[in-house]
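Here is the structure we will look at, set down as structure tokens.
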There are 2 protein chains.
Amino acid sequence: MADDVHPAIAARLDDDGQRYTSGRRKLVEVLVGAGRPLTAAEVLVEGDLAQSSAYRNLAVLEACGVVHRVAGSDEFARFELAEDLTDHHHHHLICTSCGAVADFTAPERLEASVDALARQVAATAGFAADHHRLDLFGRCAACHAADHTADHDT
Amino acid sequence: MADDVHPAIAARLDDDGQRYTSGRRKLVEVLVGAGRPLTAAEVLVEGDLAQSSAYRNLAVLEACGVVHRVAGSDEFARFELAEDLTDHHHHHLICTSCGAVADFTAPERLEASVDALARQVAATAGFAADHHRLDLFGRCAACHAADHTADHDT
DNA sequence: ATTTATGCAAATCGTTTGCAAACCT
DNA sequence: AGGTTTGCAAACGATTTGCATAAAT
């Protein structure tokens with residue numbers, strides 16, 4: 001279902017005078033396969049290309065609007081396909097324990113409220129908002145389970 | 001008005017077996033004075049203490065819940081006083097051009113919606129959310145003005 | 001043939017850490 | 001004194017970059 005992102009990506013790269021090389025395609029496929037934001041290290045392992053190429057190509061893909069950089073709670077940058085290439089706008093669940101980042105979709109009603117807020121801020125603060133970030137921080141299911149296991153010692 | 005944060009901070013540090021040294025007080029005062037998240041570099045300049053002390057004390061203050069780390073769109077970590085020491089919960093306007101981060105407050109109604117969302121996610125995804133981040137990205141007033149100036153050449 | 005992408009290894013830069021002197025209690 | 005904090009300089013680690021080779025047009 002999400003395999004025909006490639007033509008769109010090729011076009012987007014071409015618009016920017018960039019080639020859709022095999023290395024870049026590999027990066028994209030890793031990201032498509034993951035379905036969640038990946039760290040550079042994760043991309044490196046799964047994509048098996050040189051570290052420098054991974055970083056360089058992620059930068060190119062980001063500049064062309066193919067890939068989006070996600071800031072989590074740890075020191076690692078994470079990357080995912082741009083929202084307009086996949087299904088839709090989404091947000092992140094960020095685990096403050098293990099750093100994992102997962103996607104989730106917010107109700108349309110909430111998105112509408114945030115958009116209204118953006119317009120209001122633009123008007124009052126002279127800030128031209130063009131997108132937003134709405135993330136939840138907490139403990140993922142896995143870390144939550146680990147907590148309970150650890151509690152047995154208490 | 002916001003100068004009596006010190007007793008609360010001292011107490012919070014004390015609870016953690018930490019001292020409220022002059023260096024730490026200086027950091028806090030710089031952050032109070034700024035009224036917006038500051039990078040480590042900004043704190044260093046205004047607080048004039050050793051780089052290592054600044055980072056170390058920011059880490060201590062963060063661990064004690066006095067200072068909160070804010071991720072912007074650039075590579076610099078930013079720090080601000082914890083929300084429960086200042087007035088209230090707020091969000092950030094992040095300039096994608098110069099990286100500046102400013103505070104703003106969202107309508108109560110929106111916060112309520114986000115909280116409801118958090119509860120819903122907790123229930124469906126097994127994710128225990130404890131706080132959220134709602135930030136707007138765009139161009140700040142200054143960068144916006146600079147754009148217009150540059151447009152004169154067009 | 002010429003331009004662009006790749007891989008390796010070295011450099012970069014924000015941040016962290018080891019250690020000895022200064023500080024507080 | 002006993003433990004903590006400080007400042008300096010060196011270390012660290014994720015990311016970036018220089019340069020020579022390989023690939024694409």
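Each chain gets a letter, A, B and so on, in the order the sequences are listed, and its residues count up from 1. Side chains included, hydrogens not; waters and symmetry mates left out as well; all remaining heavy atoms used.
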Legend entry - Residue mapping more 5' on DNA chain C - nearest nucleotide basis, A/Leu49 or B/Arg69: A/Leu49
Inset, instruction - Starting at atom CG of B/Leu38, determine the distance to atom C1' of C/dT15, rounded to an integer number of angstrom. - result: 17 Å
Inset, instruction - Quickly work out the B/Leu44 CG to D/dC8 P distance and round it to whole Å. - result: 12 Å
Inset, instruction - Taking the side chain as every heavy atom from C-beta outward, state whether A/Asp74 and A/Thr39 have any pair of such atoms under 4.5 Å apart. - result: no
Inset, instruction - Taking only the side-chain heavy atoms of B/Ala77 (C-beta and beyond), determine which of C/dT15, D/dT5, C/dT3 contains the nearest atom. - result: C/dT15
Inset, instruction - Would you tell me whether B/His131 and B/Glu83 have side-chain atoms, one donor and one acceptor, within less than 3.5 Å of each other? - result: no
Inset, instruction - Measure from CZ on B/Phe76 to C1' on C/dT15 and round the result to the nearest Å. - result: 12 Å
Inset, instruction - Please determine if a side-chain N or O atom of B/Thr21 lies less than 4.0 Å away from the OP1 or OP2 oxygen of D/dT6. - result: yes
Inset, instruction - Could you work out which one of D/dA14, D/dA24, D/dT5 sits closest to the side chain of B/Arg24? - result: D/dT5
Inset, instruction - Measure from CZ on B/Arg19 to P on D/dG3 and round the result to the nearest Å. - result: 11 Å
Legend entry - Protein-nucleotide distance (A/Gln18, atom CD; C/dA5, atom C1'), rounded to Å: 10 Å
Inset, instruction - Could you check B/His88 against B/Glu111 for side chain to side chain donor-acceptor pair (under 3.5 Å), going step by step and ending with a plain yes or no? - result: CA-CA 12 Å; B/His88 46 298; B/Glu111 295 294 348; over 6 Å; no
Legend entry - Atom-to-atom span, CG of A/Asp74 to C1' of C/dT16 - whole angstrom: 17 Å
Inset, instruction - Find out whether A/Arg36 and A/Leu38 are in side-chain contact, i.e. whether some heavy atom of one side chain is under 4.5 Å from a heavy atom of the other. - result: yes
Inset, instruction - For the residue pair B/His132 and B/His91, categorise the inter-ring angle as parallel (less than 30°), tilted (30 to 60°) or perpendicular (more than 60°). - result: parallel
Legend entry - Candidates C/dC8, C/dG14, D/dG7 - which lies nearest the side chain of A/Ala50: C/dC8
Inset, instruction - Note down the inter-axis angle between the two ends of the helix from C/dA1-D/dT25 to C/dT25-D/dA1, five pairs each, to the nearest 10°. - result: 30°
Inset, instruction - Verify the distance criterion only: is there a donor paired with an acceptor across the side chains of B/Glu108 and B/His89 at less than 3.5 Å? - result: no
Inset, instruction - List in numerical order all residues of residues 51-68 of chain B for which some heavy atom is under 4.0 Å away from an atom belonging to DNA chain D. - result: B/Ser52, B/Ser53, B/Arg56, B/Asn57
Inset, instruction - Answer yes if the side chains of B/Gln18 and B/Arg12 hold a donor-acceptor pair under 3.5 Å, and no otherwise. - result: no
Inset, instruction - May I have the distance from B/Tyr20 (atom OH) to D/dT6 (atom P), rounded to whole angstrom? - result: 12 Å
Legend entry - Evaluation steps, side chain to side chain donor-acceptor pair (under 3.5 Å), between A/His68 and A/Glu62: CA-CA 6 Å; A/His68 183 233; A/Glu62 188 184 11; over 6 Å; no
Legend entry - pair B/His92-B/Arg78: side-chain heavy atoms closer than 4.5 Å: no
Legend entry - Rounded distance (Å) that lies between atom C1' of D/dT15 and atom CZ of A/Phe79: 9 Å
